[in-house]
There are 2 protein chains.
Amino acid sequence: MVKLSLVEENYLKAIYHLSGHGQENVSTNAIALQIQTTPASVSDMVRKLAKKKVVEYTKYQGVNLTNEGTKMALRIIRKHRLWEVFLVKELKFHWDQVHDVAEQLEHIQSPLLIQRLDEYLGFPKFDPHGDPIPNEHGEIEEKPKLTLSSLKECESGIIAAVKDTSAEFLKYMDKIGVYLGAQVTVMDIEQFDRSQEIEIDGAKRIFVSKQVSENILITQ
Amino acid sequence: MVKLSLVEENYLKAIYHLSGHGQENVSTNAIALQIQTTPASVSDMVRKLAKKKVVEYTKYQGVNLTNEGTKMALRIIRKHRLWEVFLVKELKFHWDQVHDVAEQLEHIQSPLLIQRLDEYLGFPKFDPHGDPIPNEHGEIEEKPKLTLSSLKECESGIIAAVKDTSAEFLKYMDKIGVYLGAQVTVMDIEQFDRSQEIEIDGAKRIFVSKQVSENILITQ
DNA sequence: AATATTTTTTAGATTAGTTTAAATTTAATA
DNA sequence: TATTAAATTTAAACTAATCTAAAAAATATT
Ligand SMILES: [Mn+2]
Ligand SMILES: [Mn+2]
Ligand SMILES: [Mn+2]
Ligand SMILES: [Mn+2]
């Protein structure tokens with residue numbers, strides 16, 4: 001197994017997230033946008049990663065992870081999410097404060113550390129944003145979830161995750177009282193803009209725009 | 001306050017450790033040896049650090065930390081030692097396993113993280129090797145300690161720290177049953193090689209060479 | 001199909017950190 | 001004090017990662 005630099009690790013992660021779990025090839029521009037760099041840098045790096053056999057790449061055709069690359073990306077994501085759990089559960093961070101620190105912690109190299117951390121946290125299956133935590137072999141169990149926006153009137157479910165994990169969005173979730181595990185029922189849908197009136201835990205009623213309801217994920 | 005790269009942080013730490021808490025100037029070669037690089041690299045870097053006002057440097061005269069530089073070095077050491085406590089106390093790492101991981105973790109940038117970690121651990125005063133943990137202002141309280149080798153026959157004390165924190169030395173400490181907090185009494189000193197027969201906790205008796213007794217620190 | 005636009009790649013330069021080899025300064029010794 | 005040895009600095013070159021600008025390829029539009 002090849003050894004990657006911190007920068008290379010971030011490229012792998014970006015490609016993983018942009019490819020929709022390996023489904024479609026990722027464009028140079030998309031990667032550049034995601035990791036805040038130039039398309040020229042991405043072109044260079046992608047060639048380098050292809051030489052290391054962690055991505056499949058043909059010029060002008062975009063890039064995707066190899067099996068090896070996917071496993072490596074998922075091991076980094078595993079670390080990211082385990083650290084997020086630690087920060088929230090143990091160090092009482094708020095779920096909108098953990099991402100930037102986890103971006104740093106995910107690059108710490110120590111198999112023992114991450115094994116012990118997993119154990120210490122009681123082998124959590126999801127991170128504070130409801131995202132599943134891959135296992136040590138770089139395997140992930142993704143259950144397809146509905147967006148709140150796809151629910152019809154009178155339908156209900158459990159809030160399982162958020163798509164948008166930006167601090168702004170998470171703070172807004174807090175403000176309106178939406179949290180993971182909450183019971184939600186769609187009371188009314190405004191046909192004009194697809195905004196919803198929803199009921200949280202059979203009590204509080206709030207209005208959410210379509211932009212918001214598309215970023216809330218539901219299980220039933 | 002200037003912002004330093006990971007590499008620059010390691011230089012500061014090396015200079016701190018080699019200067020004996022700022023007492024004497026540190027030579028280019030000594031730094032090169034400590035951080036496994038070439039004297040040429042050190043010369044370059046030291047000029048760079050002087051420009052950033054974290055070290056005082058005159059060509060051919062060696063280098064030392066400024067007040068600002070000392071504070072920064074101590075904040076990194078604070079992080080290193082707090083993480084070591086976390087690894088041993090919470091994640092059940094052995095005291096000979098923590099150093100390399102702490103070398104990575106000490107560079108994580110998040111004041112909130114380190115503040116919460118400190119709190120989580122109960123504001124520890126010493127790391128697993130008996131070294132004092134600096135406060136958040138970059139201040140450290142160093143109590144002068146005796147080496148075991150300086151004790152005379154029949155004198156005793158408490159083992160407070162180890163000077164050598166290499167895995168080999170620490171494993172040897174385990175093997176002979178030496179641990180922090182143990183009561184130790186010097187039973188006999190061999191004049192020829194200054195080796196000692198010592199008694200641990202008024203029970204077990206062992207022999208230690210001068211090389212070993214010089215690396216064990218005592219309080220009374 | 002021809003032209004225009006967008007995307008991607010290449011070329012050349014830049015920065016941080018490093019190395020080797022040569023030059024210089026300091027320290028040691030005869 | 002003169003010479004030698006050791007330590008230190010400078011010079012030149014290298015790698016990883018980045019950027020700007022220009023060239024090339026792919027798409028979209030007339
Ligand atoms: Mn995150
Ligand atoms: Mn997350
Ligand atoms: Mn250490
Ligand atoms: Mn330590």
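All chains are named by letter (A, B, ...) in the order of the sequence lines, taking the proteins before the strands, and each is independently numbered beginning at 1. Both backbone and side-chain heavy atoms feed into the values below; hydrogens, waters and symmetry mates do not.
- With hydrogens and angles left out, the side-chain atoms of E84(B) and H129(B) include a donor and acceptor closer than 3.5 Å.
- Residues of residues 4-14 of chain B having a heavy atom closer than 4.0 Å to DNA chain C, listed by number: S5(B), V7(B), Y11(B).
- Distance K3(B) NZ to dA16(C) P: 14 Å, rounded to the nearest Å.
- By the salt bridge (charged side-chain N to carboxylate O under 4.0 Å, His left out) test, E139(B) pairs with no residue at all, sequence neighbours left out.
- Candidate nucleotides dA25(D), dT10(C), dT18(C) were compared by shortest atom distance to the side chain of Y60(A), and dA25(D) ranks first.
- Residues T37(B) and M45(B) form no side-chain contact, since every pair of their non-hydrogen atoms from C-beta on lies 4.5 Å or further apart.
- Between dC19(D) and T38(A), a contact under 4.0 Å exists linking OP1 or OP2 to a side-chain N or O.
- Side-chain contact of S166(A) with D164(A): a donor-acceptor pair under 3.5 Å is present, judged by distance alone.
- Atom CD1 in I15(B) sits 8.0 Å away from atom CD1 in I35(B) (nearest 0.5 Å).
- Of the residues in residues 18-34 of chain B, not one comes within less than 4.0 Å of DNA chain C through any heavy atom.
- Between dT18(C) and S41(B), no contact under 4.0 Å exists linking OP1 or OP2 to a side-chain N or O.
- Distances shorter than 4.0 Å separate some side-chain N or O of K59(B) from OP1 or OP2 on dT10(D).
- In this structure, the side chain of E214(A) does not engage the main chain of T147(A) through any donor-acceptor pair within 3.5 Å.
- Closest to the side chain of Y57(B), out of dT9(C), dT20(C), dT9(D), is dT9(D).
- Comparing atom distances between the A40(A) side chain and each of dT8(D), dT10(C), dT19(C) picks out dT10(C) as nearest.
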